[in-house]
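Single-structure report; data block below.
Just so you know, ligand 1 is whichever comes first in the structure, and atom 1 is the first atom listed for that ligand. Positions are given from 1 along the sequence.
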Amino acid sequence: MKLAFLGESPADEVALHVLAEAILKRRVDRVLPHLRARGWPNVAQVLPPIIHHLHFNTDAVGLIVAVDADDSVVHTVEHEAPGYHHPQCRLCQLRAIFRRATKNLPPARGRSRVLRGIGLAVPAMEAWYLCGRDESVGEAAWLAGQECGRPPYTRAELKTRVYGTSRPSLQLEIDCALRELRRHRGDLRRLEADFPGGFGALARDLKTWR
Ligand SMILES: [Zn+2]
């Protein structure tokens, strides 16, 4: 299966590739988009031209996108109500961009559209990497912290827990991400349970592709 990945950094995209193969339970060949993104809101800006490019110029079946939530609104089950869209939720925003970008495209390369897989890492990809290793990390803890105005951890703390430094090199980021994801041995139920909004949404998108 040929898929493209769009994240805030090349390390995030390597992690998304591994996660996609685990969710889809099949080998995934990577199609490189013609543009790269650096952080939010750049991902949202390059998404429409990337969708357009993949649709017309490649045989990618789907595009997987994930961004960090940082301090923005966490995607929750309430956002999944039909027709609902939270304007401050990055996952809801990316879904709206995807919808607009694919709406009027004519069929190309034997498919009507590029499939959509969108995730939101709360508050950052490093939280996903710590899943199953650090019991204090999860969407519930983050949401409780947002409610009382005291986050349970900072992004820099999460980076230090994963990489041993808050300023890792790209190679260290990739090595540590792969090491942590290997712990799950292809079984992502724990990630879906601890990150039901942002990771759960991505997993649900991909399960409809199987
Ligand atoms: Zn949302």
Side-chain angles (χ1 to χ4, degrees), residues 3-9 12-13 15-17 19-20 22-24 33 37-52 54 62-103 105 113-131 137-155 158 188-210:
L3 301 177
F5 301 91
L6 175 62
E8 294 191 32
S9 81
D12 293 0
E13 290 170 4
L16 290 173
H17 189 174
L19 290 167
I23 296 168
L24 293 164
R38 271 274 160 211
W40 180 269
N42 192 218
V43 170
Q45 290 159 350
V46 301
L47 185 54
I50 285 178
I51 289 171
H52 203 265
L54 293 173
L63 169 62
I64 294 179
V65 188
V67 293
D68 292 346
D70 297 322
D71 294 316
S72 68
V73 171
V74 173
H75 186 81
T76 57
V77 65
E78 287 78 30
H79 299 198
E80 296 287 350
Y84 185 88
H85 166 258
H86 195 299
Q88 268 89 48
C89 166
R90 292 178 181 178
L91 196 148
C92 286
Q93 290 177 59
L94 290 172
R95 281 183 179 177
I97 293 168
F98 215 101
R99 204 161 38 236
R100 279 196 300 272
T102 53
K103 200 163 70 178
L105 290 181
R113 64 185 176 90
V114 173
L115 298 173
R116 175 205 83 182
I118 302 180
L120 181 71
V122 177
M125 292 289 283
E126 287 77 19
W128 288 0
Y129 303 156
L130 288 166
C131 176
V137 178
E139 283 180 6
W142 186 256
L143 280 164
Q146 274 191 331
E147 254 166 52
C148 69
R150 251 180 321 181
Y153 32 77
T154 64
R155 291 192 59 192
L158 294 180
L188 303 182
R189 282 175 294 183
R190 182 70 190 269
L191 254 171
E192 290 181 60
D194 291 358
F195 296 86
F199 183 77
L202 175 66
R204 286 191 297 276
D205 274 352
L206 268 61
K207 283 174 186 174
T208 66
W209 303 2
R210 280 188 199 157

- Message: For D70, give me all partners under salt bridge (Lys or Arg N to Asp or Glu O under 4.0 Å), at least two apart in sequence or on another chain.
- Response: R90, R155

- Message: Using only atom types and a distance under 3.5 Å, with no angle test, would you say the side chain of R204 pairs donor to acceptor with the backbone of F199?
- Response: no

- Query: For the atom pair NE2 (H52) and CG (L47), what is the distance rounded to the nearest 0.5 Å?
  - Reply: 12.5 Å

- Note on the structure: Distance col, row L16:CG vs L63:CG, nearest 0.5 angstrom, shows 10.0 Å

- Query: What protein N/O/S atoms sit under 2.8 Å from the Zn ion (ligand 1), by chain and number?
  - Reply: H75 ND1, H79 ND1, C89 SG, C92 SG

- CD of Q146 to OG of S72, rounded to nearest 0.5 Å, is 7.5 Å

- Task: Evaluate the ring planes of H79 and H86, with Trp represented by its six-membered ring, and classify them as parallel (under 30°), tilted (30 to 60°) or perpendicular (over 60°).
- Result: parallel

